[in-house]
Amino acid sequence: MPELPEVETIARGLAKRVVGDRIESVWIGSRPQPLRSPAEDIASTLEGRRIVRVHRTGKYIVFDLEGNPALRSWRMAHKRTPAKREAGADRSVRRTQAQWIVHLGMTGRLVVCEPAAEVAKHTHLIARLASGRDLRFVDPRMFGKISVHESGFDPGGAEPLEIGKEQFLALFRGRKTPIKSALLNQKLLRGVGNIYADESLFRAGIRPRRRAATLTRDDLRRLHRAVQQVLREAIALGGSSISDYVDADGEEGFFQLQHRVYGREGEPCLVCKTVVKRVVLSGRSSHYCPRCQK
DNA sequence: ATACCGACCTGTCAGC
DNA sequence: TGCTGACAGGTCGGTA
């Protein structure tokens with residue numbers, strides 16, 4: 001479902017609602033597909049911890065967690081000598097921190113609701129919060145992923161909104177793959193998906209099938225600017241709502257109204273009126289204007 | 001090392 | 001009213 005702007009919007013919405021809250025207990029469903037850590041690790045990592053921050057990295061939502069009553073009582077039970085305490089000080093601080101990582105895949109949603117609310121079909125995890133609400137993970141297609149980490153989760157790739165011009169150029173230099181495939185490669189750039197790749201290429205005037213290595217410095221400079229513009233505008237509008245995407249407050253985004261090529265096959269280009277084309281590239285629909293994009 | 005392609009899932013919608 | 005096939009915002013792992 002979501003790409004960087006949608007995930008950013010969702011993470012911001014969740015931050016408003018759950019930061020400062022504590023996870024009291026966790027229920028995990030029986031489908032193993034969404035779990036990227038063992039269910040018992042997920043439960044024991046979340047339970048008793050406080051959510052201190054919710055943010056996005058690439059297309060991942062990251063919950064920074066702190067504190068764990070189970071460990072605190074373990075420390076009380078194992079009184080240490082001053083020397084030992086000093087040696088272990090760093091480690092014990094780190095021990096109380098953890099991260100809960102959620103990737104929404106195509107259809108994943110994180111819902112904050114009353115515990116009495118009906119449990120939607122395809123609910124895979126329910127976290128009961130100290131404030132008396134539920135945080136639920138729902139995902140019909142189960143392409144989403146849930147895992148826990150000690151800290152410092154890093155999916156690799158560069159953040160498209162932070163990367164500088166020169167680094168951006170270097171990512172694509174010498175690559176024979178179509179530029180669209182390179183944009184979708186999360187190991188290069190993290191967070192760009194099918195919609196924003198198409199929209200960025202349109203704004204930069206580059207056809208999706210152009211080999212990355214054939215792009216000039218100027219092409220890549222325009223692409224760098226286009227990617228950042230498109231993502232920033234989309235975040236400002238709360239993302240693109242296609243079919244059923246809504247943010248944490250149940251609000252739809254509005255960037256779909258700004259799509260210039262995505263989903264507009266057969267319609268006139270908004271710049272030159274040429275009919276927008278759709279081709280399949282590495283299994284994904286790619287939309288472009290044959291006149292505006294070279 | 002790189003680059004395609006199907007697999008992984010369920011739901012929806014168009015066409016017959 | 002069904003049935004079938006195409007398609008969907010994303011990764012993975014196998015194979016060429």
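We use all heavy atoms of the structure for the numbers below, so side chains are in, but hydrogens, waters and symmetry mates are not. Proteins come first, then strands; the chains are lettered A, B, ... in the order of their sequence lines, and each starts at number 1.
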Give every pair of a protein N or O atom and an N or O atom of nucleotides 6-8 of chain C that lie under 3.5 Å apart, one pair per line with the distance.
unit_1, atom_1, unit_2, atom_2, d
C:dC7, OP1, A:Arg278, NH2, 3.0
C:dA8, OP1, A:Ser285, OG, 2.6
C:dA8, OP2, A:Ser285, OG, 3.4
C:dA8, N3, A:Arg141, NH1, 3.0

Canonical and wobble pairing (Watson-Crick, G-U, under 3.5 Å) of DNA chain C, dot-bracket with |: .|||||||.|||||||
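Legend: residues meeting ring-ring contact (aromatic ring centres under 6.0 Å, His included) with A:Phe137, ordered by chain and number and at least two apart, are absent.
Within the structure, side chain to side chain donor-acceptor pair (under 3.5 Å) pairs that include any residue of residues 268-285 of chain A comprise A:Glu265-A:Arg278, A:Arg278-A:Ser285 (at least two apart or interchain). Applying the salt bridge (Lys or Arg N to Asp or Glu O under 4.0 Å) test to pairs two or more places apart or on separate chains, those with a residue in residues 174-201 of chain A are A:Asp154-A:Arg190, A:Glu159-A:Arg190, A:Lys180-A:Asp198. Within the structure, the ring pair (Phe, Tyr, Trp, His ring centres under 6.0 Å) test picks out the following pairs touching residues 269-294 of chain A (sequence neighbours left out): A:Tyr262-A:His287. A side chain to side chain donor-acceptor pair (under 3.5 Å) check over residues 34-46 of chain A, counting only residues at least two apart or in different chains, returns nothing. Sorted by first and then second residue, the side chain to side chain donor-acceptor pair (under 3.5 Å) pairs involving residues 117-128 of chain A (not counting sequence neighbours) are A:Arg128-A:Asp134.
Using atom P as the reference point in both C:dT11 and B:dA1, the two lie 23 Å apart (nearest Å). C:dC7 sits 15 Å from B:dC5 when the P atoms are compared, rounded to a whole Å.
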Please tabulate, for the side chains in residues 166-174 of chain A, all donor-acceptor contacts under 3.5 angstrom to protein atoms that are two or more places apart in sequence or on a different chain.
unit_1, atom_1, unit_2, atom_2, d
A:Glu166, OE2, A:Arg217, NH2, 3.1
A:Gln167, OE1, A:Gly164, N, 3.0

List, one per line, each side-chain donor-acceptor pair under 3.5 Å for residues 230-237 of chain A, sequence neighbours excluded.
unit_1, atom_1, unit_2, atom_2, d
A:Glu233, OE1, A:Arg203, NH1, 3.3
A:Glu233, OE1, A:Arg203, NH2, 3.0
A:Glu233, OE2, A:Arg203, NH1, 3.0

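Residue contacts shown for A:Arg211 are limited to sugar-phosphate atoms, with no base heavy atom under 4.0 Å away. Nucleic acid contact class of A:Pro178 (heavy atoms, under 4.0 Å, all strands): sugar-phosphate only. Here A:Thr177 lies in heavy-atom contact (under 4.0 Å) with sugar-phosphate atoms only. The residue A:Lys121 sits close only to the backbone: its heavy atoms come under 4.0 Å of sugar-phosphate atoms, none of a base.
Nucleotides of DNA chain B that come within less than 4.0 Å of any heavy atom of chain A span, from the 5' end to the 3' end, B:dA3 to B:dG11.
One interatomic measurement links the two molecules: NZ of A:Lys59 to P of C:dG10, which rounds to 4 Å at whole-angstrom precision. Rounded to a whole Å, the CD1 atom of A:Ile61 is 14 Å from the C1' atom of C:dG10.
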Candidate pair A:Gln293 and A:Ile206, rule side chain to side chain contact (heavy atoms under 4.5 Å, CB included), full reasoning: CA-CA 5 Å; A:Gln293 294 172 255; A:Ile206 299 166; 5.6 Å; no
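Grouping Ile, Leu, Val, Met, Phe, Trp and Tyr by side-chain contacts under 4.5 Å, direct or through others, puts A:Ile126 with A:Trp27, A:Val119.
Between A:Glu6 and A:Tyr196, the side chains place a donor N or O and an acceptor N or O closer than 3.5 Å (distance only, hydrogens not considered).
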